[in-house]
J.: 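One structure, as structure tokens, below. Some questions next.
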Amino acid sequence: MSSTVLRMMGNISALTLTRPKSNLKEIKRKIYSKPPRDKIGITQSFFVMAVFAVGLFTPAAWILHHLPEYRQRSRYTPRT
């Protein structure tokens, strides 16, 4: 059983050693060395950063704002 698995792993590694040439050709086609066609303005950059910041900090602000409520809930134990 283990020899079969090792043989299968050996075949897989042999196949991957012969494939990088074709993979490199595909990767090289996706790399661009030219400057961008359209420049991004200051307004667009600011807008994107503001949306990212709001999306990142809103959940944290919500939790910190409601922290006293969460603490009070944990003090009361439900009666059974």
J.: Which pairs pass ring pair (Phe, Tyr, Trp, His ring centres under 6.0 Å) with one or both residues in residues 40-63, sequence neighbours excluded?
T.: W62-H66
J.: Quick one: CD1 on I63 to NE2 on H65, what's the gap to the nearest 0.5 Å?
T.: 12.5 Å
J.: Looking at L56, I'd like to know if its CG atom is crowded, meaning that more than 12 non-hydrogen atoms belonging to other residues, nucleotides or ligands lie closer than 6.0 Å.
T.: yes
J.: Who are the side-chain contact (heavy atoms from CB on, under 4.5 Å) partners of I42, not counting sequence neighbours?
T.: none
